[in-house]
Amino acid sequence: MIRLDLAGVDSLVLSPLCRRCPQGRAGCCAAPPAVAWADIGRIVRLGGRDFLLDELRAGQLVPSARGLSIRRVAASDGFPARCTYLGPADRGCVLTPDRRSATCNYYLCDDAFALAEREGDPLVPAARLAHDRIVDLLGQCDIELSALVSERFPAGPPWDAAFLDWVASEFEKVCLTP
């Protein structure tokens with residue numbers, strides 16, 4: 001049930017159990033995570049700079065203290081207000097993993113883990129461990145990148161291609177260098 005693809009900052013911990021979320025049709029997508037500094041660096045590193053610029057221009061992403069906020073769309077079609085990128089129930093997120101906040105790539109709630117465990121999924125222990133390691137890795141990386149952004153752009157970043165390229169460069173130095 002759990003799909004586990006370990007690749008450091010690009011790891012995936014996914015599960016079809018999310019479609020049966022006890023919290024409702026939008027599940028955790030009712031409150032989308034930030035696209036944090038580490039996410040921005042990872043997305044740009046994976047070729048998504050223009051995607052981010054386009055989404056900023058379209059208003060789907062909005063600058064915030066933590067990086068970018070994902071716009072929520074109003075309740076409709078039996079869904080509550082939710083992440084702008086949540087597609088139909090049978091599709092889930094419309095973004096590919098290389099364009100998502102890392103949280104969307106690795107987060108499984110305790111309910112999903114418990115259900116997978118009850119259904120005998122042998123990957124539960126490895127997925128929990130991977131989740132904790134990714135949270136630690138990206139959390140530390142994000143703290144360091146946030147400090148660098150604040151130091152270099154005390155009045156706030158320009159949110160242009162050069163800035164995003166700089167974030168990706170710093171991401172590689174801070175997050176990918178042992």
Side-chain angles (χ1 to χ4, degrees), residues 1-5 9-44 46 48 51-117 124 127-146 149-150 156-157 159 164 167 171 175:
M1 301 227 185
I2 292 176
R3 178 176 155 217
L4 188 58
D5 183 9
V9 297
D10 300 314
S11 293
L12 295 173
V13 180
L14 304 172
S15 174
L17 297 171
C18 296
R19 288 190 184 132
R20 296 187 274 162
C21 181
Q23 308 307 317
R25 288 186 74 194
C28 56
C29 298
V35 179
W37 299 114
D39 296 321
I40 293 166
R42 182 182 56 79
I43 291 168
V44 173
L46 296 172
F51 162 78
L52 292 175
L53 291 170
D54 290 345
E55 295 302 287
L56 278 160
R57 279 191 289 277
Q60 303 291 57
L61 297 174
V62 180
S64 70
R66 292 194 56 215
L68 295 167
S69 294
I70 300 172
R71 185 175 74 88
R72 292 176 70 206
V73 294
S76 65
D77 301 324
F79 280 98
R82 65 205 175 275
C83 175
T84 193
Y85 301 114
L86 179 61
D90 63 340
R91 181 141 183 243
C93 185
V94 299
L95 298 177
T96 57
D98 61 326
R99 299 295 184 259
R100 295 179 194 157
S101 166
T103 301
C104 300
N105 286 336
Y106 69 73
Y107 180 76
L108 286 181
C109 70
D110 284 335
D111 289 341
F113 276 124
L115 181 57
E117 209 162 44
V124 170
R128 282 187 185 271
L129 181 61
H131 173 270
D132 292 346
R133 287 183 176 166
I134 296 165
V135 168
D136 290 346
L137 171 67
L138 291 174
Q140 184 58 43
C141 178
D142 200 57
I143 288 169
E144 292 179 39
L145 286 172
S146 181
V149 170
S150 294
W159 293 106
L164 294 177
V167 173
F171 173 84
C175 306

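Computed over heavy atoms, backbone and side chain alike; hydrogens, waters and symmetry mates excluded.
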Minimum side-chain heavy-atom gap [X]-[Y] below 4.5 Å:
X      : Y      : answer
Phe171 : Asp39  : no
Cys104 : Pro33  : yes
Pro157 : Leu164 : no
Thr84  : Pro32  : no
Glu55  : Leu52  : no
Arg42  : Val35  : no

Is the backbone of Ala102 close enough, under 3.5 Å, to the side chain of Asn105 for a donor and an acceptor to pair up by distance?
no
Tell me if a side-chain donor or acceptor on Arg72 pairs with a main-chain N or O of Ala30 at a distance below 3.5 Å.
yes
Full working for side-chain contact (heavy atoms from CB on, under 4.5 Å) between Ile43 and Asp98:
CA-CA 6 Å; Ile43 291 168; Asp98 61 326; over 6 Å; no
Nearest 0.5 angstrom please: [X] [atom1] to [Y] [atom2], how far?
X      : Y      : atom1 : atom2 : value
Phe51  : Leu46  : CZ    : CG    : 12.0 Å
Phe113 : Leu108 : CZ    : CG    : 4.5 Å
Cys28  : Arg82  : SG    : CZ    : 14.0 Å
Ile70  : Ser101 : CD1   : OG    : 6.0 Å
Arg99  : Thr96  : CZ    : OG1   : 5.5 Å

So which atom in Gly87 and which in Val94 form the shortest heavy-atom distance, rounded to 0.1 Å?
CA-CG1, 3.7 Å
Looking at Ile40 and Gly67, what are the two nearest heavy atoms and their distance?
CD1-CA, 4.0 Å
Does the pair Leu68 and Trp159 meet the rule for a side-chain contact (heavy atoms from CB on, under 4.5 Å), with working shown?
CA-CA 10 Å; Leu68 295 167; Trp159 293 106; 3.6 Å; yes
What's the verdict on side-chain contact (heavy atoms from CB on, under 4.5 Å) for Tyr106 and Arg100, showing C-alpha distance, side-chain angles and the deciding distance?
CA-CA 10 Å; Tyr106 69 73; Arg100 295 179 194 157; over 6 Å; no
Solution key, residues 135-143 side-chain donor-acceptor pairs under 3.5 Å, sequence neighbours excluded:
{"residue": "Gln140", "atom": "NE2", "partner": "Glu144", "partner atom": "OE2", "Å": "3.1"}
{"residue": "Asp142", "atom": "OD1", "partner": "Trp37", "partner atom": "N", "Å": "2.8"}
{"residue": "Asp142", "atom": "OD1", "partner": "Ala38", "partner atom": "N", "Å": "2.9"}

For the pair Val167 and Val44, evaluate side-chain contact (heavy atoms from CB on, under 4.5 Å) and give the outcome as yes or no after the intermediate values.
CA-CA 8 Å; Val167 173; Val44 173; over 6 Å; no
